[in-house]
Structures are given as structure tokens and as C-alpha cells.
Amino acid sequence: MSFEPNLALLRRAIALAKQARDRGNHPFGALLADAGGNVILEAENSVVMAPDATGHAETNLVRLASQRFDRDFLATCTLYTSTEPCAPCASVV
């Protein structure tokens, strides 16, 4: 994948972070793209509104992805985030 599609996916993750902030949550967003660069799932931080201290964008995304897709498919996907994940989220993904 060239640089431009990655940049577009990163910008989308940042837009998800803005949506989270607009909903009253912390400004973090994440998305999952398949091997072709197609967005297959999106998630926002939901810590404040849920309320759930584990509701980080990456954790929310991993929960959804693991329910919908098998491990072999997920191994071919890429996770994009609006910022570097915290240590607990990095260990989940």
C-alpha cells in the first residue's frame, strides 16, 4: 500500500476521534482496514458516555472485530488509530 491510502485512513481515524469528542468522550478513534485498504470497522472512545473505563477506541474495535471475523482474516488487517495506543490497548491488539 502506498503512502496516500495510509494517510487517508489515518485522517479518518482522526475524524472518528473528533466524533468521539463531539459526543462528550475522550478524543480517540480507531478503524480496521482489510488487506486492500477498505475500512471494515470503525470505533470511537466511549469511556465517558458508556461509562466504561475499558471503552478505549482500540479496545472497542478489537471487541467488535473478534465477534465478526475469524483470526486468519484479522491477521491480514491493519489497525489505524488517531494517536499512539496506551499501554493496555497496545497489549490487547
Side-chain angles (χ1 to χ4, degrees):
M1 188 182 300
S2 72
F3 180 74
E4 287 304 316
N6 285 310
L7 185 58
L9 292 167
L10 288 170
R11 286 185 174 141
R12 178 61 192 149
I14 292 167
L16 290 167
K18 183 182 181 316
Q19 285 179 218
R21 185 186 67 205
D22 291 347
R23 295 182 212 280
N25 288 298
H26 300 245
F28 299 101
L31 65 87
L32 190 66
D34 66 14
N38 303 299
V39 176
I40 57 172
L41 280 177
E42 298 180 335
E44 301 172 8
N45 182 289
S46 60
V47 170
V48 176
M49 300 304 288
D52 177 0
T54 66
H56 293 195
E58 301 88 350
T59 307
N60 290 338
L61 187 75
V62 169
R63 279 191 199 111
L64 289 171
S66 64
Q67 293 170 359
R68 295 183 186 181
F69 304 108
D70 65 46
R71 289 181 184 191
D72 290 336
F73 175 71
L74 290 174
T76 67
C77 296
T78 303
L79 172 70
Y80 291 83
T81 63
S82 59
T83 188
E84 183 177 359
C86 66
C89 286
S91 69
V92 170
V93 298

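Nothing here was measured: the structure is a model prediction, and the numbers come from that model.
By the rule that hydrophobic residues join a cluster once side-chain heavy atoms approach within less than 4.5 Å of another member, Ile14 and Leu9 end up as members of separate clusters.
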Exercise. Val47 and His56: side-chain contact (heavy atoms from CB on, under 4.5 Å), yes or no, with the steps?
Worked result: CA-CA 6 Å; Val47 170; His56 293 195; 3.6 Å; yes

Problem set entry | Check against side-chain contact (heavy atoms from CB on, under 4.5 Å), Leu32 and Val39 | CA-CA 6 Å; Leu32 190 66; Val39 176; over 6 Å; no

For this session: Assess whether side-chain contact (heavy atoms from CB on, under 4.5 Å) is satisfied between Phe28 and Thr83, documenting all intermediate values.
Result: CA-CA 7 Å; Phe28 299 101; Thr83 188; 3.2 Å; yes

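For the pair Leu31 and Leu41, the minimum side-chain heavy-atom distance is 4.5 Å or more. Side-chain contact between Leu61 and Glu42 is absent, with no heavy-atom pair separated by less than 4.5 Å. Contact annotation: the side chain of Asn6 approaches that of Tyr80 to within less than 4.5 Å [non-hydrogen atoms, C-beta and beyond]. Using a 4.5 Å heavy-atom threshold, the side chains of Thr54 and Arg63 count as touching. By the 4.5 Å heavy-atom criterion applied to side chains, Thr81 and Leu79 are counted as neighbours.
Arg21 has no carboxylate O lying under 4.0 Å from a charged side-chain N of Glu44, or vice versa, which leaves the two without a salt bridge.
Using cut-offs of 30° and 60° on the angle between ring planes, the pair Phe69 and Phe73 is tilted.
Residue Leu16 comes nearest to Ala43 through the heavy atom pair CD1-O, 4.1 Å, listed as atom of the first residue, atom of the second, then distance. Closest of all the heavy-atom pairs between Ala57 and Ala30 is CB-N, 3.8 Å.
Among residue pairs with one or both ends in residues 66-75, none qualify as side chain to side chain donor-acceptor pair (under 3.5 Å); sequence neighbours excluded.
One distance of note links NE2 of His26 with CE of Met49; it measures 11.5 Å at 0.5 Å rounding.
Looking at Asn60 and Ser46, their side chains do bring a donor and an acceptor atom within 3.5 Å of each other. Arg11 and Ser82 share no side-chain donor-acceptor pair at under 3.5 Å.
In terms of modelled atom types and a separation under 3.5 Å, the side chain of Asn45 and the main chain of Gly29 share no donor-acceptor contact.
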